[in-house]
S.K.: 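My structure is below; once you've seen it, I'll send some questions.
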Amino acid sequence: MRLFYYLIVFISISSCSQKQNSIKKPNILFIGIDDLRPELGCYGSDIAISPNLDKLASQGLLFNNAYCQQAICGPSRASLLSGIRPETSGVFHNYIKFREVNPDVVTLPQHFINNGYEAVYTGKIYHHGDLDDEKSWSRLPVVDSMNSKGIKKPVGFALEKNIKERTATKKEMIAKYGDVAKYGLAMGQAYESADVPDNTYRDGYNTELAIATMKEMVAKGDKPFFLGLGFNKPHLNWVSPKKYWDLYDREKIKLSTQTESPINGAAMGLHASFELRVRSGIPKQGKIDDELAITLKHAYLACVSYVDAQIGKMIAALEEAGVRDNTIIIIWSDHGWHLGDMGIWGKATNYEIATRVPMMIWTPDMPTGSQGKTTDALVELIDMYPTLSDLAGLEIPAHVEGTSYKTLIDNPNTEWKTAAFSQFPSPALREWGGFPIRPAMRETYFGPLLKEVEGKIKTQQGNKWDRDLFENNLMGYAMRTENYRFIVWKDRANQAKAPLFVELFDHTTDPKETKNIAESNPELVNKLMNQFNKGWQENQVKTGVNQL
């Protein structure tokens with residue numbers, strides 16, 4: 001009898017063990033898009049043509065209030081992939097490699113590798129310079145498969161005239177300004193429309209490469225995969241196949257109605273559109289006229305539709321491979337982009353238009369009641385690391401400074417964070433990579449622009465002006481609550497000092513942030529300052545808390 005009992009127990013344990021081992025870990029399709037603001041149909045755009053992203057949003061959960069931690073490529077990606085905020089990592093511009101300042105941090109794909117996953121990427125997941133972080137990836141994409149198909153390496157420009165023009169301009173700039181010109185003074189045309197296949201440019205090529213790599217991993221079948229697919233567009237230069245330009249009627253493209261900086265806003269809070277002005281055919285001073293502005297927005301929208309089409313191909317490939325039903329799909333952008341909003345073109349500000357991003361997620365076991373829903377909860381890109389770990393049943397590393405929003409997937413109306421945090425060092429006095437203005441750059445055609453913006457800062461700040469402070473140590477810290485955007489400008493090297501300037505925007509009455517009302521609302525400023533001083537730690541998931 002006792003022998004029979006032990007036999008039953010053994011069979012039961014074995015059965016449970018086999019059942020546990022048969023439970024498949026979900027694959028992860030991690031799609032990043034560069035410079036995409038919420039200019040999509042699913043976000044209410046009346047012109048953007050984005051059927052594939054709209055379809056995924058109708059199946060999954062759309063985040064209406066998602067925010068990046070810094071509105072520029074390098075710091076944003078370093079933050080979301082390492083799980084630590086810019087203030088912790090020290091990565092504030094594009095020329096700092098995150099591994100140099102945080103050599104031992106376990107990144108998101110590295111964490112999945114440590115838990116039995118195969119991790120690979122194509123395209124832009126990390127910023128350039130960090131792309132090939134060896135610890136983050138366990139294999140290479142199947143580039144040989146592209147070569148065997150006769151698919152050539154992608155190009156920056158497809159039209160010969162644009163290739164020649166870029167080469168000539170770069171040569172001219174280096175001859176005129178020296179080595180400083182190599183930091184982006186000659187980037188070629190801002191846009192291109194060429195009648196070419198999708199894989200002529202990087203995003204079409206990288207999508208086909210990702211699909212081929214995914215198929216090989218599925219065929220091998222011994223590990224779940226973490227596949228990063230990073231799209232370069234709609235980052236400048238806005239190049240895409242002509243068929244995506246043809247989707248739009250130029251006459252229906254509308255420009256921003258907010259073409260001025262915020263009333264009483266921080267003079268150091270906006271830049272002179274440096275990133276766009278280094279492109280050929282763009283005025284080096286003054287406003288962008290309406291005809292050119294419409295062309296530029298047309299180019300941006302064409303790139304959005306180009307990327308959308310590639311995402312559709314990638315998801316269709318998952319379905320064809322029979323793994324869609326066991327693959328978590330998460331899509332995000334690293335930051336937003338001003339398309340003439342507040343009178344500037346580019347990212348790199350602390351305002352809503354630059355820090356708010358599109359983000360959506362679909363999971364195989366998503367509750368029916370959550371499918372196709374939108375949540376207004378305040379979430380941050382840094383939350384993706386713990387969320388994906390949570391959804392995959394992995395332990396969340398102790399260093400991670402975000403919050404898993406798995407609960408929101410189960411119930412999109414759950415009370416959530418009381419604030420989201422972003423930051424950016426004085427945009428007016430930073431180059432397009434977020435780097436402090438190099439002295440030699442003042443000798444280029446940017447000299448007059450810099451002189452103009454400095455004059456505005458000096459007029460506003462008076463005796464607070466100090467070149468070293470404003471160029472190197474002034475940090476704008478933005479806090480977005482349910483109703484307000486609160487920006488505190490502080491000397492990062494002397495955090496105990498009082499703020500140099502404060503901005504407050506009421507999103508219930510002024511969603512476009514046209515007027516800073518801080519000076520006329522001292523009591524509200526004090527309340528928000530108290531909330532701000534508590535930091536992100538005290539603004540995590542709270543229940544029963546009145547939000548400002």
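In what follows, every heavy atom counts, from backbone to side chain, and hydrogens, waters and symmetry copies are set aside.
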S.K.: Do His235 and Lys347 get their side chains close enough for a donor-acceptor pair, meaning under 3.5 Å?
M.R.: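 On atom types as modelled, these side chains qualify, holding a pair under 3.5 Å.
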S.K.: Tyr43 and Asn64: side-chain hydrogen bond (donor to acceptor under 3.5 Å, both in side chains), yes or no, with the steps?
M.R.: CA-CA 8 Å; Tyr43 277 98; Asn64 198 41; 6.0 Å; no
S.K.: Could you tell me whether the side chain of Thr167 and the main chain of Ile163 form a donor-acceptor pair under 3.5 Å?
M.R.: yes
S.K.: Does one side chain, of Asn162 or Glu192, offer a donor that lies under 3.5 Å from an acceptor on the other?
M.R.: yes
S.K.: Judged by atom type as modelled, is there a donor-acceptor pair below 3.5 Å linking the side chain of Ser305 to the main-chain atoms of Ile49?
M.R.: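 Checking the backbone N and O of Ile49 against the side chain of Ser305, a donor-acceptor pair under 3.5 Å is found.
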S.K.: With a distance cut-off below 6.0 Å to the six-membered ring centre and an angular limit of 45° from the axis, does Arg438 pair with Tyr95 as a cation-pi contact?
M.R.: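 Because its charged atom sits under 6.0 Å from the ring centre and within 45° of the axis, Arg438 does stack over Tyr95.
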S.K.: Taking atom types as modelled, find out whether Glu352 and Tyr67 have a side-chain donor-acceptor pair closer than 3.5 angstrom.
M.R.: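 Checked: Glu352/Tyr67 side chains pair up, N/O donor to acceptor below 3.5 Å.
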S.K.: Can you tell whether the side chains of Glu165 and Lys171 come within less than 4.0 Å, N to carboxylate O?
M.R.: no
S.K.: Just to verify, what does Asp144 make a salt bridge (Lys or Arg N to Asp or Glu O under 4.0 Å) with, not counting sequence neighbours?
M.R.: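 Expected list: none.
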S.K.: Assess whether salt bridge (charged side-chain N to carboxylate O under 4.0 Å, His left out) is satisfied between Asp133 and Lys97, documenting all intermediate values.
M.R.: CA-CA 10 Å; Asp133 178 57; Lys97 293 185 178 181; over 6 Å; no
S.K.: Look at Asp491 together with Lys464 and state whether they make a salt bridge at an N to O cut-off of under 4.0 Å.
M.R.: no
S.K.: According to the interplanar angle, ranging from 0 to 90°, do the rings of Phe30 and Phe226 count as parallel (below 30°), tilted (30 to 60°) or perpendicular (above 60°)?
M.R.: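 Rings of Phe30 and Phe226: tilted, as their planes differ by 30° to 60°.
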S.K.: Would you call the rings of Phe505 and Tyr351 parallel, tilted or perpendicular, taking 30° and 60° as the class edges?
M.R.: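 Taking Tyr351 first and then Phe505, their aromatic rings stand perpendicular (interplane angle over 60°).
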S.K.: Pair Val239, Val155 - check side-chain contact (heavy atoms from CB on, under 4.5 Å), show working.
M.R.: CA-CA 10 Å; Val239 301; Val155 299; over 6 Å; no
S.K.: Just do the side-chain hydrogen bond (donor to acceptor under 3.5 Å, both in side chains) check on Thr355 and Arg485 with the steps written out, would you?
M.R.: CA-CA 11 Å; Thr355 58; Arg485 174 166 294 276; 3.0 Å; yes
S.K.: Verify side-chain hydrogen bond (donor to acceptor under 3.5 Å, both in side chains) between Thr257 and Lys512, making sure each step is shown before the conclusion.
M.R.: CA-CA 10 Å; Thr257 57; Lys512 292 186 177 180; 3.0 Å; yes
S.K.: Between Tyr126 and Phe98, what is the ring plane arrangement, given parallel below 30°, perpendicular above 60°, and tilted in between?
M.R.: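 If you compare the ring of Tyr126 with that of Phe98, the planes turn out parallel.
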S.K.: Taking salt bridge (Lys or Arg N to Asp or Glu O under 4.0 Å) as the test, write out the residues that go with Lys124, two or more places apart.
M.R.: Asp34
S.K.: Decide, yes or no, whether a salt bridge links Arg492 with Glu87 under the criterion of side-chain N to carboxylate O below 4.0 Å.
M.R.: yes
S.K.: Answer yes or no: is there a side-chain heavy-atom contact under 4.5 Å between Ile329 and Met360?
M.R.: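 Answer no - side chains too far apart.
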S.K.: For a quick check under 3.5 Å, do Asn206 and Tyr121 share a side-chain donor-acceptor pair by atom type?
M.R.: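 Looking only at side-chain atoms, Tyr121 and Asn206 do not form any donor-acceptor pair under 3.5 Å.
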S.K.: Listed by chain and number, what are the salt bridge (Lys or Arg N to Asp or Glu O under 4.0 Å) partners of Lys135, not counting sequence neighbours?
M.R.: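 With sequence neighbours excluded, Lys135 shows a salt bridge (Lys or Arg N to Asp or Glu O under 4.0 Å) to no residue whatsoever.
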S.K.: Would you mind checking if Arg77 and Asp334 are paired as a salt bridge, meaning a charged N to carboxylate O distance below 4.0 Å?
M.R.: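 Looking at Arg77 together with Asp334, the answer is yes, because their closest N to O distance falls below 4.0 Å.
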S.K.: With distance as the sole test, does Gln70 use its side chain to make a donor-acceptor pair with the main-chain N or O of Phe92 at under 3.5 Å?
M.R.: yes
S.K.: Decide yes or no for Tyr477 and Ile487: does some side-chain heavy atom of the first lie under 4.5 Å from some side-chain heavy atom of the second?
M.R.: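 No, their side chains stay 4.5 Å or more apart.
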S.K.: Can you find a side-chain donor-acceptor pair between Glu380 and Gln69 that sits under 3.5 Å?
M.R.: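 There is such a pair between these side chains.
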S.K.: Look at Arg480 together with Glu513 and state whether they make a salt bridge at an N to O cut-off of under 4.0 Å.
M.R.: no
S.K.: Using side-chain contact (heavy atoms from CB on, under 4.5 Å) as the criterion, point out the one residue from Leu62, Ile331, Leu381, Asn65 that pairs with Met359.
M.R.: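 So, applying the side-chain contact (heavy atoms from CB on, under 4.5 Å) to Met359 and each of Leu62, Ile331, Leu381, Asn65, only Leu381 qualifies.
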S.K.: Donor-acceptor pair, Trp332 side chain versus Ile31 backbone, under 3.5 Å?
M.R.: yes
